[in-house]
Amino acid sequence: MTGADRAAPAREQTTGRQAAWWRGSVGYEVYLRSFADADGDGVGDLWGLYGKLDYLAWLGVDLLWVTPFYPSPMLDHGYDVADYCDVDPRYGTLAAVDALVERAHALGLRLLIDLVPNHTSWEHPWFRQARSARDNPYRDYYIWRDPAAGGGPPNNWRSHFGGPAWSFDERTGQWWLHLFLPGQPDLNWANHAVADEFDDILRFWLDRGVDGFRVDVAHALVKHPDLPDNPPARHEQAALMAGMSAAYRSQQHLYDVNQPGVLDIYRRWRKVVDPYGGLLLGEAYVLEAPDLARYVVDQDGLHLAFWFRPLHMDWDPVAVREVLEAATVAAPDSSLAWVQSSHDRPRAVTRFGGGALGRARALAHATLLMGLPGVPFVYQGEELGLADARIAREDARDPAGVRDDAGGSSRDGARTPMLWSPGPGLGFTTAGRPWLPFGDRTDADTVAVQRADPSSTLRRYRRLIRLRRETPDLHTEPVQWVDEAGGVVAYRRGRVLVAANCTHDEAAVELPTGRWRLAFATAGQEDRPEPLAATLRLRPQEAVVAQST
């Protein structure tokens with residue numbers, strides 16, 4: 001690619017820090033290869049996303065996070081990056097990114113791209129050079145160590161995807177570190193040259209007009225300098241890591257992730273992104289709220305961090321209340337991003353029981369999240385009430401699910417293509433076969449069918465998102481958790497009450513003194529003009545938003 005091809009459209013930097021434009025936003029995760037296929041090869045792409053921006057604007061979201069589109073051998077579907085400043089031909093071109101940014105901004109949408117700074121592909125030129133000789137200038141871009149006594153790996157660290165976190169290079173006689181696949185060697189952030197490279201990468205994309213970055217594996221960039229062994233995990237710690245490989249769950253991750261120096265990286269990045277008004281959103285996979293809060297609470301590192309504990313939560317009123325309240329107490333300043341599904345975990349509908357029950361619970365939980373301070377995110381298809389699809393073993397594509405000790409942790413069921421309309425290819429592709437089968441989907445799961453049905457999950461989501469935007473107290477007032485008996489989880493924000501019945505039985509909420517109206521109900525009953533009675537009765541698995549008048 002020539003320098004002219006890589007040239008970015010002109011973009012003026014701002015003076016000083018812009019206001020936090022993301023406050024009050026609703027985010028949406030686009031898993032690119034499964035969103036929309038414009039060129040008919042069975043894989044979603046940038047022009048496919050371009051053609052669906054009008055839908056996302058209609059849905060009412062403000063902020064799009066798009067998964068990686070960089071050149072890659074696709075060992076981990078793009079999270080193994082071979083060039084941080086280009087586009088894989090399977091997804092499009094740099095011109096497609098520019099068009100996407102321009103169209104998104106015209107529709108009032110902001111665009112975050114996925115940044116993968118913990119590791120590269122082993123096909124990245126840096127690693128190819130590093131692997132060529134011990135004295136190569138790029139050698140120290142990665143983490144290499146001599147064999148342990150007896151010739152084995154330098155320590156006992158385990159990969160997220162199973163097996164040792166080390167691979168041996170026969171040519172140079174050392175092991176390289178990879179917290180994920182061997183084809184994803186970890187970068188050495190103790191090397192200032194790596195930091196300089198990423199300063200340039202950030203500016204490259206900010207100059208093209210992107211609005212910020214979702215930072216992949218944001219908690220893991222720094223490792224303990226001595227690389228000591230991790231101790232065995234306690235039972236409760238292993239249980240919390242359900243869905244990860246058995247090898248990874250077997251250890252307490254005291255030295256390979258969540259090290260103190262990682263915040264210095266984001267403090268440095270703030271000096272790069274702040275003049276552009278750019279957002280740093282971290283995938284800091286830390287499941288204790290106080291530990292996560294340190295990434296955002298002083299607002300000198302990451303602007304936002306995902307709170308992932310809901311993805312590991314049972315549908316139980318005590319658990320729901322504890323998980324949500326813990327995060328609002330630890331980080332009360334709108335610095336969390338809320339999720340209940342993602343491309344890395346089973347969908348909420350599946351986790352919460354499947355079928356109609358799972359859909360009701362997932363929508364109730366989404367209602368709770370949509371009223372909290374911070375930025376709630378919708379994972380594509382969540383607004384359709386999708387559960388995980390059933391994928392036959394011979395159709396498996398996820399590297400986490402096919403490694404020997406992964407323990408059934410395949411993510412394929414949550415990654416099946418988006419469903420747009422009835423008919424061949426379900427509106428996703430004109431190819432005879434998509435990259436991943438649709439599974440057991442039906443026409444009723446499609447956007448076209450649900451958009452035409454006023455009672456559909458899609459229309460409920462759209463109404464809920466609009467209510468969040470139109471309700472000032474949900475952006476400005478503090479959260480006051482309400483002590484409710486009988487399995488109800490509830491909180492107030494000023495003149496707004498949000499409540500969810502997390503049980504199989506009818507439950508009641510005593511409304512505060514005053515006149516209240518029903519602003520939203522997951523069962524779709526909010527159009528009644530009469531004021532609510534002092535006791536509001538909730539159906540099983542129902543959530544409501546009430547407003548005082």
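With respect to the salt-bridge test (charged N to carboxylate O, under 4.0 angstrom), the residues R171 and D169 do not qualify. Salt-bridge formation is not detected for the pair K271/D199: no Lys NZ or Arg NE/NH1/NH2 atom is positioned less than 4.0 Å from an Asp or Glu carboxylate oxygen. By the 4.0 Å N-to-carboxylate-O rule, R393 lies too far from D412 to be salt-bridged with it. The pair D146-R134 meets the salt-bridge criterion, with a side-chain N (NZ, NE, NH1 or NH2) lying under 4.0 Å from an Asp/Glu carboxylate O.
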Q | salt bridge (charged side-chain N to carboxylate O under 4.0 Å, His left out) between D98 and R208, intermediate numbers included | A | CA-CA 7 Å; D98 297 339; R208 301 200 88 89; 2.8 Å; yes

Q. What's the verdict on salt bridge (charged side-chain N to carboxylate O under 4.0 Å, His left out) for D62 and R468, showing C-alpha distance, side-chain angles and the deciding distance?
A. CA-CA 12 Å; D62 311 279; R468 176 181 169 85; over 6 Å; no

**Q.** side-chain hydrogen bond (donor to acceptor under 3.5 Å, both in side chains) between E382 and Y461, intermediate numbers included
**A.** CA-CA 9 Å; E382 186 178 312; Y461 260 89; 3.2 Å; yes

Q: Could you walk me through whether W166 and N155 pass the side-chain hydrogen bond (donor to acceptor under 3.5 Å, both in side chains) test, one step at a time?
A: CA-CA 8 Å; W166 297 90; N155 65 22; 2.7 Å; yes

(Q) Would W435 and H77 count as a ring-ring contact (aromatic ring centres under 6.0 Å, His included) here? Give the steps. (A) CA-CA 11 Å; W435 78 277; H77 302 316; 5.0 Å; yes

(Q) Would W65 and F306 count as a ring-ring contact (aromatic ring centres under 6.0 Å, His included) here? Give the steps. (A) CA-CA 12 Å; W65 151 35; F306 282 114; 5.6 Å; yes

Q: Test salt bridge (charged side-chain N to carboxylate O under 4.0 Å, His left out) on D274 and R270 and set out the steps.
A: CA-CA 5 Å; D274 280 350; R270 286 290 292 270; 3.1 Å; yes

Q: For salt bridge (charged side-chain N to carboxylate O under 4.0 Å, His left out), just list the numbers for D344 and R415, CA-CA rounded to whole Å, side-chain angles, deciding distance to a tenth of an Å, and then say yes or no.
A: CA-CA 8 Å; D344 281 331; R415 295 178 170 188; 3.0 Å; yes

Q: Apply side-chain hydrogen bond (donor to acceptor under 3.5 Å, both in side chains) to the pair R294 and N258, showing each step before the final yes or no.
A: CA-CA 10 Å; R294 73 183 185 89; N258 203 28; 3.0 Å; yes

Q: Test side-chain hydrogen bond (donor to acceptor under 3.5 Å, both in side chains) on H343 and T67 and set out the steps.
A: CA-CA 10 Å; H343 69 276; T67 55; over 6 Å; no

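What you find for L302 and A218 is that their closest heavy atoms are CD1-CB, 4.5 Å. Nearest approach of L75 to D80, heavy atoms of both residues: N-OD2, 2.8 Å. Residues L304 and S334 approach most closely at CD2-O, 3.5 Å, considering heavy atoms. When all heavy atoms of L372 and Y491 are compared, the closest pair comes out as N-OH, 3.5 Å. Shown here for I391 and T416, the closest heavy-atom pair between the two residues is CD1-CG2, 3.6 Å. Of all non-hydrogen atoms in D88 and S72, the two that sit nearest each other are OD2-N, 3.1 Å.
Looking at H124 and P73, their side chains never come closer than 4.5 Å, going by heavy atoms from C-beta outward. Between V194 and Y142, every side-chain heavy-atom pair lies at or beyond the 4.5 Å cut-off. Proximity of T172 to R131: side-chain heavy atoms (C-beta onward) are nowhere separated by under 4.5 Å. Between V43 and Y91 there is a side-chain heavy-atom pair separated by less than 4.5 Å. Within the 4.5 Å cutoff, side-chain heavy atoms of R345 are placed close to those of L311. W144 has its side chain out of reach of P185: every pair of non-hydrogen atoms, C-beta onward, lies at least 4.5 Å apart. With contacts defined as side-chain heavy-atom distances shorter than 4.5 Å, the pair V97/F69 qualifies.
Just one residue in the list F204, F198, F213 forms a ring-ring contact (aromatic ring centres under 6.0 Å, His included) with Y84, and that residue is F198.
Taking CG of D298 as the reference point, atom CG of L263 lies at 8.5 Å (rounded to 0.5 Å). Rounding to the nearest 0.5 Å gives a distance of 10.5 Å between CG of D140 and NE2 of H192. Taking SG of C85 as the reference point, atom CG of D83 lies at 6.0 Å (rounded to 0.5 Å). H219 NE2 to D256 CG: the interatomic distance, rounded to the nearest 0.5 Å, is 8.0 Å. Going from atom CZ of R351 over to atom CD of Q340 covers 7.0 Å, rounded to the nearest 0.5 Å.
Ring orientation note: the planes of Y266 and Y295 are tilted relative to one another, at an angle of 30° to 60°.
A donor-acceptor pair is defined here as one N or O able to donate and one able to accept, closer than 3.5 Å; such a pair exists between the side chain of Y379 and the backbone of A414. Remark: the backbone N or O of V323 is paired with a side-chain donor or acceptor of W307 at under 3.5 angstrom. Side-chain atoms of N156 come within 3.5 Å of backbone N or O of N230 as a donor-acceptor pair. With hydrogens and angles disregarded, a donor-acceptor distance shorter than 3.5 Å links the side chain of S250 to the backbone of A247. Panel note: side chain S341, backbone A348; a donor-acceptor pair is recorded below 3.5 Å. Of the possible polar contacts, one joining the S121 side chain to the E123 backbone as a donor-acceptor pair under 3.5 Å is found. Under a 3.5 Å cut-off, the side chain of Q184 and the backbone N or O of L181 do form a donor-acceptor pair. Checked by atom type and distance alone, the side chain of Q380 pairs as donor or acceptor with a backbone atom of S34 at under 3.5 Å. Panel note: side chain R493, backbone E477; a donor-acceptor pair is recorded below 3.5 Å. When atom types are taken as modelled, the side chain of H160 and the backbone of F180 share no donor-acceptor pair closer than 3.5 angstrom.
Proximity of the aromatic rings of F127 and W176 is defined here by a centroid distance below 6.0 angstrom, and this criterion is met. Here the two rings, on Y79 and H119, have centers that are 6.0 Å apart or farther.
Counting non-hydrogen atoms of other residues, nucleotides and ligands closer than 6.0 Å to CG of D196 gives a total above 12.
Applying the salt bridge (Lys or Arg N to Asp or Glu O under 4.0 Å) definition to pairs two or more places apart or across chains, those involving residues 214-232 are D114-R214, D186-K223, R214-D216, R214-E283.
A cation-pi arrangement is found for R110 relative to W21, the charged atom lying closer than 6.0 Å to the ring centre and inside a 45° cone about the ring normal.
Considering only residues two or more places apart in sequence or on other chains, F352 meets the ring-ring contact (aromatic ring centres under 6.0 Å, His included) condition with W315, H365. Every residue meeting the ring-ring contact (aromatic ring centres under 6.0 Å, His included) condition with W175, not counting sequence neighbours, appears here in chain and number order: F168.
Side-chain contact of H178 with S159: a donor-acceptor pair under 3.5 Å is absent, judged by distance alone.
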